A.B. asks: 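Pasting in a structure now, in structure tokens, and then I'll have a few things to ask.
In what follows, chains are A, B, ... by sequence order, proteins preceding strands, each numbered from 1. Keep in mind it's a predicted model, so treat the numbers as computed, not measured.
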Amino acid sequence: MISLDTETTGVDHYHGTKPFFVTTCDENGEQRYWEWNVDPYTRDVEVDPSDLDAIRLLLSTDPTVVLHNTKFDVKALESIGVDNFNWNRYYDTLLAAHILASNQQKDLTALAVQYLNIDIQPFEDVLEKAVKECRTWARNNKPSWRIANKEDEDMPSAKEKTWKFDTWLPRLLAQEREYKEPVEGCDHDWGMNWYCQRCNGHRWWVVLSDYANTDSAVTLPLWQTMEEEIKLRGQWKNYLERLKVLRPLHLMEKNGLTVNLKWLDEKIQEFSEGSVTCEHICTNIAAGYEYELQLPKGGRNKSLDTFLTDVMKLKPMGYTKTGNTSYNKEAMEGYMATLPENSLEYTFVSELLDKRSQDTAISYMNSYKKFGIRIPDTDYIVLHPNINPTGTDTTRCASNNPNGQNISKKEKRNIRSTFGPLPDREWWTIDAENLELRIPAYEANEEEMIFLFENPNQPPYFGSYHMLIFDTLHPDKFKKHGIKCKSVYESTWYQWTKNGNFAVQYGAQEVSGTADRAYHVPGAQHRIQSRFTRIQELSQRQIKFAENYGYVETIPDKSVDPERGYPLLCTRSKWGNIKSTVPLSYHIQGTACLWMQGAEIRCQAALDDWNNRERKSNPRYRMFIQVHDELGFDFPRRAHPLKDPKNSNLDKIREIKKLMEIGGEYIGVRTTVSIKYHTESWAKGETIKC
DNA sequence: TTCGGTAGCGCC
DNA sequence: AAAGGGCGCTACCGAA
């Protein structure tokens with residue numbers, strides 16, 4: 001068993017980030033490490049091929065490898081041609097940290113303190129100090145060096161703490177300035193000015209290697225402690241299952257998703273013009289009040305605040321969590337509902353709302369351009385959003401650089417329309433249907449709801465949960481129009497019913513009236529809860545459990561561990577008690593995302609099988625994104641699934657559908673998926689029943 | 001100049 | 001004492 005860690009020139013593996021330091025440590029504490037120079041003008045790493053052979057050889061002896069954030073190091077190694085990492089023999093301390101304490105800090109420094117009582121922070125502090133000093137020196141003395149910078153197009157992820165991208169700098173500067181190299185074996189006594197009092201060596205030579213080697217040395221004992229603890233808590237099977245999802249996610253990230261650059265530019269242009277028009281209308285209205293308005297690029301600034309509060313004298317519609325008057329979307333919609341439609345105030349508010357939504361969309365699209373990699377000879381760029389399975393308090397994945405999970409599908413500001421398969425490819429997107437509603441319904445045995453989910457073709461609700469609730473709240477309307485209420489009240493009562501349902505799903509408390517306001521029906525939540533009492537009881541059980549133990553567990557998965565679910569620590573209020581809104585929400589959300597995790601693992605195995613059979617150098621059947629309950633597949637383009645099923649990918653999609661839906665059987669919930677087929681864009685999908 | 005908090009808005 | 005869960009990104013603003 002060895003631990004392995006890499007230090008890199010950044011985090012953007014697809015923009016030239018490379019490892020310049022690889023360190024390993026075995027169970028006897030023997031360390032091996034490889035360090036390469038970074039060209040300061042290009043940031044290219046001058047890798048020694050014989051070192052690569054040594055690393056490959058080490059991996060080929062099939063050790064069990066322990067890493068902290070496996071996907072990152074595997075991508076770093078792959079970028080320099082080391083691609084024999086064995087996904088069947090590794091452990092990850094980041095995943096371990098999540099299963100042991102889902103909502104606590106998970107960085108190596110925090111874990112070393114917590115599990116080993118070792119403080120490695122001083123190594124990071126001294127590294128930070130050295131790097132920052134070196135950056136300042138380099139900026140002043142080597143203007144053509146490529147110091148990490150937010151504006152550098154090969155570092156789209158550089159935001160704050162940019163110094164972390166330049167940890168290669170101290171050693172280089174030590175050489176550049178001809179500082180004396182510390183004598184190996186000397187028991188260094190570092191003085192205040194970086195010099196060793198004993199051997200006269202300069203600390204910049206070793207500040208990075210000391211830091212990195214400490215990390216790899218700590219990782220093994222950390223893992224051993226964590227492994228024991230995971231087993232002690234009866235979570236070993238759940239942990240092993242969790243390990244399996246990293247490879248599918250890794251491949252998903254590598255595949256990435258394609259955006260049509262022309263469509264993207266058109267959309268940016270359209271929204272930019274739209275935003276300017278809104279801005280003009282707003283500033284003109286303000287001018288009528290003799291107020292020189294400076295609209296913010298983001299949500300709000302002082303100029304806007306003053307205008308809304310003091311000049312137009314709008315009464316507060318709601319408050320931010322710190323108690324300031326809120327001018328968010330909800331407040332704006334509140335003004336629009338109460339002000340006369342032909343008033344200046346109404347126009348101002350609606351134009352401001354319009355401007356904001358377009359500005360948000362523009363900022364997202366600009367980030368796609370920043371992160372996108374051009375695909376030669378096409379109009380497409382490809383994005384590689386990072387997917388972080390330990391980024392949330394539950395088992396949900398987070399996504400960043402760029403975030404692939406908040407791409408607008410609103411009708412008016414649809415951005416998914418700029419995403420789509422390459423001309424020789426086709427996309428399939430598969431959604432779990434009402435997954436987070438089904439889980440509590442089946443678990444609590446809420447019979448009326450289960451009947452609905454089991455009989456999607458039967459009257460009166462035809463499988464629609466929203467319609468069931470609609471009838472509960474508006475029986476007269478439902479009696480009159482039946483299922484047609486959906487279209488008759490599309491943007492009013494039906495939409496409000498959906499809004500209220502989501503509020504309840506995410507834990508809105510009855511006493512707050514939040515859900516009632518969303519439903520536009522006083523007392524709505526109470527009426528619903530008295531019709532569906534069992535889910536309410538389930539919630540109480542989860543709260544009780546969380547109050548006793550501090551966490552909730554997901555529903556045990558029979559294919560993983562029939563005894564134990566995955567533990568999720570619950571958020572506490574500032575007074576230290578469990579927030580009552582959390583336990584059921586985490587229990588359901590956590591279960592839903594493990595359902596998806598299982599689906600990803602099973603689907604990737606099927607894709608591997610198909611790809612191996614084809615024996616092409618590039619895997620042709622791939623997953624490209626997951627958005628919590630939606631999974632995207634990128635397949636070679638074949639015939640249309642309805643027009644020419646035999647020559648289409650329909651058989652493979654049927655298999656995928658089966659592999660996804662079977663996950664419900666393991667948790668006692670009937671789960672179904674809906675399937676869309678895309679040849680042009682992510683926004684345009686044909687529903688395929690199969 | 002850097003950094004963190006606040007706010008707003010996109011997704012499920 | 002309060003009562004809507006989970007995220008990431010951008011802009012703004014004030015303090016370090």
A.B. asks: Between A:Thr591 and A:Ile555, is there a donor-acceptor pair closer than 3.5 Å when you use the side chain of the first and the backbone of the second?
C.D. replies: yes

A.B. asks: Without decimals, in angstroms, what is the distance between A:Ile430 CD1 and B:dC12 P?
C.D. replies: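 To the nearest whole Å, that distance equals 16 Å.
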
A.B. asks: What is the nucleic acid contact for A:Thr514, judged by heavy atoms within less than 4.0 Å: base, sugar-phosphate only, or nothing?
C.D. replies: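 Base: the residue A:Thr514, judged by heavy atoms under 4.0 Å, touches a nucleobase.
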
A.B. asks: In this structure, how many angstroms lie between the C1' atom of B:dC9 and the NZ atom of A:Lys355, rounded?
C.D. replies: 13 Å

A.B. asks: Would one find more than 12 heavy atoms of other residues, nucleotides or ligands at under 6.0 Å from atom NZ of A:Lys486?
C.D. replies: no

A.B. asks: Are A:Arg242 and A:Asp92 ion-paired here, with the side-chain N under 4.0 Å from a carboxylate O?
C.D. replies: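 Salt bridge flag = no for A:Asp92 with A:Arg242.
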
A.B. asks: Is A:Arg356 touching bases, backbone alone, or none of the nucleic acid, heavy atoms closer than 4.0 Å?
C.D. replies: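 It contacts sugar-phosphate atoms only.
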
A.B. asks: NA contact type, A:Asn324, heavy-atom cut-off 4.0 Å: base, sugar-phosphate, or nothing?
C.D. replies: sugar-phosphate

A.B. asks: Between C1' on B:dC12 and CD1 on A:Ile387, what's the gap in Å once rounded to a whole number?
C.D. replies: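 My rounded result for the distance is 15 Å.
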
A.B. asks: When you check the phosphate oxygens OP1 and OP2 of B:dC12, does a side-chain N or O of A:Asn406 lie under 4.0 Å from one of them?
C.D. replies: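 The answer is no; no side-chain N or O of A:Asn406 sits under 4.0 Å from OP1 or OP2.
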
A.B. asks: For the pair A:Arg413 and A:Asp359, find out whether any cationic side-chain nitrogen is under 4.0 Å from an anionic carboxylate oxygen.
C.D. replies: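 Between A:Asp359 and A:Arg413 there is no salt bridge, as every charged N stays at least 4.0 Å from the carboxylate O atoms.
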
A.B. asks: From CD1 of A:Ile588 over to C1' of B:dC12, roughly how many Å is that when rounded to an integer?
C.D. replies: 14 Å

A.B. asks: What is the first contacted nucleotide of DNA chain C and what is the last, in 5' to 3' order, if contact means an atom lying under 4.0 angstrom from a heavy atom of chain A?
C.D. replies: C:dA1 to C:dG14

A.B. asks: Taking the same atom, P, in C:dA3 and in B:dA7, what whole-Å distance lies between them?
C.D. replies: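 About 15 Å, rounded to a whole number of Å.
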
A.B. asks: Can you see if the side chain of A:Arg300 gets near the phosphate of B:dG8 - specifically, an N or O under 4.0 Å from OP1 or OP2?
C.D. replies: yes

A.B. asks: Whole angstroms only, please: what is the CG-P distance between A:Asn403 and B:dC9?
C.D. replies: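 So the CG-P distance, A:Asn403 to B:dC9, works out to 17 Å.
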
A.B. asks: Heavy atoms only, 4.0 Å cut-off, all strands: where does A:Asn414 land among base, sugar-phosphate and nothing?
C.D. replies: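 Result for A:Asn414 = nothing.
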
A.B. asks: Across the strands shown, which category fits A:Arg416 at heavy-atom distances under 4.0 angstrom: base, sugar-phosphate, nothing?
C.D. replies: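 Since only primed, P, OP1 and OP2 atoms lie under 4.0 Å of A:Arg416, the category is sugar-phosphate.
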
A.B. asks: May I have the distance from A:Asn301 (atom CG) to B:dG8 (atom P), rounded to whole angstrom?
C.D. replies: 12 Å

A.B. asks: Pick out which of A:Arg135, A:Arg146, A:Lys132 makes a salt bridge (charged side-chain N to carboxylate O under 4.0 Å, His left out) with A:Asp166.
C.D. replies: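 Between A:Asp166 and the candidates, salt bridge (charged side-chain N to carboxylate O under 4.0 Å, His left out) is satisfied uniquely by A:Arg135.
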
A.B. asks: Which of parallel (below 30°), tilted (30 to 60°) and perpendicular (above 60°) describes A:Trp427 and A:Trp682?
C.D. replies: perpendicular

A.B. asks: Answer yes or no on whether A:Arg670 is positioned over the face of A:Tyr442, meaning its NZ or CZ is under 6.0 Å from the six-membered ring centre and within 45° of the axis.
C.D. replies: no

A.B. asks: How many whole angstroms separate atom CD of A:Glu151 from atom C1' of B:dT1?
C.D. replies: 13 Å

A.B. asks: Kindly say if A:Lys132 contacts the phosphate of B:dT2, meaning a side-chain N or O under 4.0 Å from OP1 or OP2.
C.D. replies: no

A.B. asks: If I take atom CD1 in residue A:Ile362 and atom P in nucleotide B:dC9, what distance separates them, rounded to the nearest angstrom?
C.D. replies: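 It is 15 Å, rounded to the nearest whole Å.
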
